Amino acid sequence: MYILKSEATFDSAHFLSGYNGKCRNIHGHTWKIIAEICSETLESDGQCRGMVVDFGDLKKTLKQLADSFDHTLIYEKNTLRPETVMALKAEKISLTEVGFRPTSENFARCFFDKLTDCGFRVKRVTVYETPTNCAVYEE
């Protein structure tokens with residue numbers, strides 16, 4: 001089995017609605033994503049002969065996904081009042097609404113699914129929310 005790894009980072013803020021602890025407050029992280037894709041075989045001809053995929057394609061896709069969450073307040077749908085969202089938008093604060101609680105576990109699954117949708121055979125995605133704490137998703 002061949003496995004390729006690529007990494008990307010993004011900085012964002014989030015909070016955990018309904019959580020009884022410090023993380024219920026808005027706080028930020030430098031998130032690190034490590035994506036692993038796999039294949040039993042290598043490309044047999046063409047420009048990518050001898051490769052699983054072109055690293056440039058994997059890096060570009062992963063960076064685009066990370067950049068879509070960079071320097072924004074990520075919040076779970078229906079956890080902010082509509083008037084709060086309107087006020088933040090009026091202040092030109094970048095907001096990203098997601099359909100899941102913004103935990104490292106859910107981000108690992110999110111990036112796994114997004115990379116799979118882009119055509120990569122994903123083995124595993126690891127998401128660090130701090131340098132020493134991460135979540136892993138694999139099927």
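Remember, predicted model here, so these are calculated numbers, not experimental data. Below, each value reflects all heavy atoms present in this structure, side chains not excepted, and no hydrogens, waters or symmetry copies.
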| Mind checking whether L42 and M51 have side chains closer than 4.5 Å, heavy atoms only? |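 Not in contact.
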
field: Heavy-atom pair of closest approach, residues T79 and E76
entry: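 Where T79 meets E76 most closely, the heavy atoms are OG1-O, 2.5 Å.
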
Contacts satisfying side chain to side chain donor-acceptor pair (under 3.5 Å) that involve residues 98-118 (not counting sequence neighbours) are T103-E105, T103-N106, R109-D113, R109-Y137

Report task. Please list all pairs passing the side chain to side chain donor-acceptor pair (under 3.5 Å) test where one or both residues lie in residues 39-56, with sequence neighbours left out. Result ->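 For residues 39-56: none.
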
Residues that [X] engages under salt bridge (Lys or Arg N to Asp or Glu O under 4.0 Å), provided they are two or more places apart:
| X | answer |
| --- | --- |
| E36 | R124 |
| D67 | K63 |
| K123 | none |

query: What pairs of residues pass the ring-ring contact (aromatic ring centres under 6.0 Å, His included) test when at least one of them lies in residues 43-97, not counting sequence neighbours?
result: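 Output for this query lists F10-F69, F69-F107, F69-F111.
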
Quick note, ring-ring contact (aromatic ring centres under 6.0 Å, His included) partners involving residues 77-99, not counting sequence neighbours, are none

Single-linkage hydrophobic cluster [X]~[Y], side-chain heavy atoms < 4.5 angstrom:
| X | Y | value |
| --- | --- | --- |
| L88 | I26 | yes |
| L80 | M86 | no |
| F112 | Y128 | no |
| V125 | V98 | yes |
| I34 | V52 | no |

**Message:** Are more than 12 heavy atoms, taken from residues, nucleotides or ligands other than E139, located less than 6.0 Å from that residue's CD atom?
**Reply:**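 Correct, the count exceeds 12.
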
Test side-chain hydrogen bond (donor to acceptor under 3.5 Å, both in side chains) applied to [X] - qualifying residues, sequence neighbours left out:
| X | result |
| --- | --- |
| T96 | T72 |
| T84 | none |
| T30 | D11 |

Gap separating the [atom1] atom of [X] from the [atom2] atom of [Y], nearest 0.5 angstrom:
| X | Y | atom1 | atom2 | value |
| --- | --- | --- | --- | --- |
| C118 | L65 | SG | CG | 5.5 Å |
| Y2 | C38 | OH | SG | 13.0 Å |
| T126 | I33 | OG1 | CD1 | 10.5 Å |

Residues passing the side chain to side chain contact (heavy atoms under 4.5 Å, CB included) test with Q64, sequence neighbours excluded, are K60

Show the atom names and distances, to 0.1 Å, of all donor-acceptor pairs under 3.5 Å that link a side chain in residues 12-19 to residues at least two apart or in another chain.
from	atom 1	to	atom 2	distance (Å)
S12	OG	W31	NE1	2.9
H14	ND1	P102	O	2.7
H14	NE2	H27	NE2	3.1
H14	NE2	H29	NE2	3.2

Q. Side chain of T61, backbone of L58: donor and acceptor closer than 3.5 Å?
A. no

Apply side-chain contact (heavy atoms from CB on, under 4.5 Å) to the pair V53 and L4, showing each step before the final yes or no. CA-CA 9 Å; V53 298; L4 300 184; 3.8 Å; yes

Original post:
Between V85 and R81, does a side-chain contact (heavy atoms from CB on, under 4.5 Å) hold up when you go through it step by step?
Top reply: CA-CA 6 Å; V85 172; R81 294 182 180 137; over 6 Å; no

